[in-house]
Amino acid sequence: MEKSALQIARAAYQPKLPLGLQGAVKVQEGAPTQSVDNQEEIKALFPNTYGMPLVEFVPGQETAHEKMNVGIILSGGQAPGGHNVITGLFDAVKKLNPENRLFGFILGPGGLVDHNYMELTADIIDEYRNTGGFDMIGSGRTKLEKVDQFEKGLEIIRELGIKAIVIIGGDDSNTNACVLAEYYAAKNYGVQVIGCPKTIDGDLKNDQIETSFGFDTACKTYSELIGNIERDCNSARKYWHFIKVMGRSASHIALECALQTQPNICLVSEEVEAKQMSLDDVVSYIAETVAARAKDGNNFGTVIIPEGLIEFIPAIKKLIAQLNDVLALPEAKNISRDEQVDFAKSHLTAENLAVFNSLPEGVARQLALDRDPHGNVQVSLIETEKLLSEMVAKKLDAMKAEGKYVGKFSAQHHFFGYEGRCAAPSNFDADYCYALGTSAAQLIAAGKTGYMAIVKNTTAPAAEWKAGGVPITMMMNMERRNGEMKPVIRKALVELDGKPFKTFAASREKWARETAYIYPGPIQYWGPTEVCDQPTRTLALEQSK
């Protein structure tokens, strides 16, 4: 590949490691664990990988390690830092034994099933150090959940002499990793499976996982763009900018970007649901803020909207839940796309049908037609930012007729998603991911399976981070997917009683009326620690005393 000046200089950066991973490693085991909910059901489904202890790596004595080959898979959407997980894994397995080999499966889990792979050598690895993207081996969304897939994967695992598979992914991908680990353990195949916590959405976190990798870089990238728009907004002073940001199931990105940039309005889906707000309530809130700023002569502003907002409006959430069940019916699979809307409407309750009919036609059709591989509504295709600005414009017209609004309203629309998924990782993500890859190698060397690599204490300097592993079953519960109850890793939503949201809520009235914008600027890689190595505001607030 051709490299930019930044990429060439950045390749020389040596990620910082926790003290426990810098030399020889000893495994320190904690108490047995249990799942976050549905303990009996999860234990019955995962008898061979349930109840295992937490693991922490501490400095140990040098020991010889037998030769082992490792396979790695990138699963799901891209996130900054994925290449550093791979480089950290490569460096660690070579350090354990120079004869060890690393194989990358091409284009995600499908590469394992289809026996599509490449050996990752030092020459290849060095091309991708500290770079964004997943283009070293590519990613995919094939779900590993069927016995024939597991057995087909085993064929190439045996052929290549692979001891362990590392799956880098989000909650669904790591759920599949857990299922695969259980299957191979039950069959005594001697194949280990390790997961790594990836998603820019930030919803793969809990008491053990402080943050998913990629969240830091993506939020800093979006915040730079939002800050640029705010500065333009404050310069032209004639537009309201409606900015949708990625995060389909949780509002972590929207909240973090708000904490970094101080927009006039930031909607938080979890609060909308908790307050039982209707779509009209949301529109009225925005319109009233627009009117209040207009009184001060400020006919401009910024609104941050989480991608999954529409799913959290209670009436629409109930509608979507029934639509998911209706469209999972066997007979729904046999009808044409043109018939699907009428089929869905004919199976809705009167309450849900009324909500469906009240939506703009384009939004209603999208809810009834488009599904992702997990059977969920593809909320990123719904242009919520345009829907809200159009409804706000109508509301303001009505307010003007009543003498309650005296300004001018003109909207601009933005969706920040793909812009942040493959950005060059921040120092935080470069260090964090390298440590995760190193931890994955140590979990394999320790004979562990069904674990996720973790790094904790991440607001401290990197040398003070704590690396280890958590049993994936510890994070699981039972949820309805495609009309069936299935074991899945519980998503972490924004906690309304948590410090990040409370900090935002304490300031938002001031931000709404005043122009209190912050312009974060681009990610910095060289310079003062407080500029280059700071974690997200979310993480700093969550870890503060």
Side-chain angles (χ1 to χ4, degrees), residues 15-30 33 48-49 52-73 84-105 112 119-122 125 154 157-158 160-168 174 177-178 180-182 184-185 188-197 208-209 213 431-456 462-463 465-474:
K16 301 178 282 291
L17 274 175
L19 187 61
L21 292 176
Q22 288 178 13
V25 168
K26 184 173 77 172
V27 173
Q28 191 169 280
E29 293 192 349
T33 59
N48 297 282
T49 51
M52 300 183 297
L54 290 168
V55 165
E56 184 180 338
F57 299 123
V58 296
Q61 300 294 317
E62 286 287 353
T63 55
H65 291 273
E66 291 184 7
K67 180 177 178 292
M68 66 179 192
N69 294 340
V70 177
I72 193 158
I73 296 170
N84 268 35
V85 177
I86 300 176
T87 58
L89 177 65
F90 178 85
D91 289 351
V93 296
K94 288 293 187 182
K95 185 176 176 184
L96 288 166
N97 186 326
E99 292 185 29
N100 290 343
R101 299 167 74 190
L102 181 63
F103 296 93
F105 288 96
L112 177 67
E119 181 171 359
L120 299 176
T121 62
I125 291 291
L154 184 69
I157 287 170
R158 293 283 190 244
L160 298 174
I162 286 174
K163 179 181 181 180
I165 295 289
V166 177
I167 297 178
I168 300 172
N174 276 287
C178 194
L180 186 65
E182 176 64 29
Y184 286 160
N188 289 314
Y189 285 162
V191 179
Q192 299 161 244
V193 183
I194 303 297
C196 281
Q208 301 305 321
I209 301 170
F213 83 73
D431 296 346
Y432 183 52
C433 291
Y434 193 81
L436 286 172
T438 308
S439 293
Q442 294 295 346
L443 286 169
I444 297 166
K448 303 299 182 184
T449 190
Y451 274 76
M452 192 183 294
I454 58 170
V455 176
K456 301 179 72 172
W465 292 356
K466 308 288 185 187
V470 56
I472 301 176
T473 52
M474 185 182 183

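Count residues from 1 along the sequence.
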> Could you go through the side chain to side chain contact (heavy atoms under 4.5 Å, CB included) check for L180 and V191 one step at a time?
CA-CA 10 Å; L180 186 65; V191 179; over 6 Å; no
> Flag the pair D91 / T438 as yes when at least one side-chain heavy-atom distance between them is below 4.5 Å, and no otherwise.
no
> Please give me the minimum heavy-atom distance between A453 and A440, naming the atom from each residue.
CB-N, 3.9 Å
> To the nearest 0.5 Å, what is the distance between CD1 on I472 and CG on N174?
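Taking CD1 in I472 and CG in N174, the distance rounds to 5.0 Å.
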> I want to check something: taking the side chain as every heavy atom from C-beta on, are L112 and I157 in contact at a cut-off of under 4.5 Å?
yes
> Measure the OG1-CD1 distance between T449 and I194 for me, rounded to the nearest 0.5 Å.
5.5 Å
> What verdict does the side chain to side chain contact (heavy atoms under 4.5 Å, CB included) test give for S439 and I454, after you've listed the backbone C-alpha separation in whole Å, the side-chain angles of each residue and the deciding distance to 0.1 Å?
CA-CA 7 Å; S439 293; I454 58 170; over 6 Å; no
> Of all the heavy-atom pairs spanning A122 and F90, show the shortest one and how long it is.
N-CZ, 3.6 Å
> Do N97 and E66 pass the side chain to side chain contact (heavy atoms under 4.5 Å, CB included) test, and can you show the C-alpha distance, the side-chain angles, and the key distance before you say yes or no?
CA-CA 7 Å; N97 186 326; E66 291 184 7; 5.7 Å; no
> So, for L96 and A441, which heavy atoms are closest and what is the spacing to 0.1 Å?
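Closest approach of L96 to A441, heavy atoms only: CD1-O, 4.0 Å.
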> Among E29, M52, Q442, which residue meets the side-chain contact (heavy atoms from CB on, under 4.5 Å) test with K448?
E29
> Could you tell me the separation between the CG atom of L19 and the NZ atom of K466, rounded to the nearest 0.5 Å?
8.0 Å
> Using 0.5 Å steps for rounding, measure from the CE atom of M452 to the CG atom of L436.
10.0 Å
> Partners of N100 by side-chain hydrogen bond (donor to acceptor under 3.5 Å, both in side chains), sequence neighbours excluded?
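N100: no side-chain hydrogen bond (donor to acceptor under 3.5 Å, both in side chains) contacts found.
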> Donor-acceptor check, side chain of Q192 to backbone of I444, threshold 3.5 angstrom: yes or no?
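Looks like yes, one N/O pair under 3.5 Å.
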> Between Y184 and Y189, how do the two ring planes meet: parallel, tilted or perpendicular, split at 30° and 60°?
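Tilted.
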> Can you measure from NZ (K26) to CD (Q61) and round to the nearest 0.5 angstrom?
8.5 Å
> Could you list the residues that satisfy side-chain hydrogen bond (donor to acceptor under 3.5 Å, both in side chains) with Q208, not counting sequence neighbours?
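Q208 satisfies side-chain hydrogen bond (donor to acceptor under 3.5 Å, both in side chains) with K456 only.
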> Let me confirm one number: the CD-OG1 distance from E182 to T49, rounded to the nearest 0.5 Å.
4.0 Å
> If you apply the rule side chain to side chain contact (heavy atoms under 4.5 Å, CB included), what do you find for Y451 with V470, and how did you get there?
CA-CA 5 Å; Y451 274 76; V470 56; 5.5 Å; no
> Among all residues two or more places apart in sequence or in another chain, which pass the salt bridge (charged side-chain N to carboxylate O under 4.0 Å, His left out) test with K16?
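So K16 forms a salt bridge (charged side-chain N to carboxylate O under 4.0 Å, His left out) with D431, D533.
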> Within a strict 4.5 Å, meaning less than it, do heavy atoms of the I168 and P197 side chains meet?
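Not touching, per the 4.5 Å side-chain cut-off.
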> Which of these, L120, I165, I162, sits in a side-chain contact (heavy atoms from CB on, under 4.5 Å) with I72?
L120
> Can you tell if the side chain of L443 reaches within under 4.5 Å of the side chain of F57, non-hydrogen atoms only?
yes
> Return the minimal non-hydrogen interatomic distance between L17 and A435, and the atom names on each side.
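Taking every non-hydrogen atom into account, CD2-CA, 3.7 Å.
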> At their closest point, which heavy atom of G20 faces which heavy atom of P59, and how far apart are they?
CA-CD, 4.0 Å
> Using every non-hydrogen atom in the two residues, find where K95 and Q22 come nearest and quote the distance to one decimal.
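Looking at all heavy atoms of both residues, the closest pair is NZ-O, 3.1 Å.
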> Any side-chain heavy atom of V27 sitting closer than 4.5 Å to one from V55?
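Yes. Closest side-chain heavy atoms under 4.5 Å.
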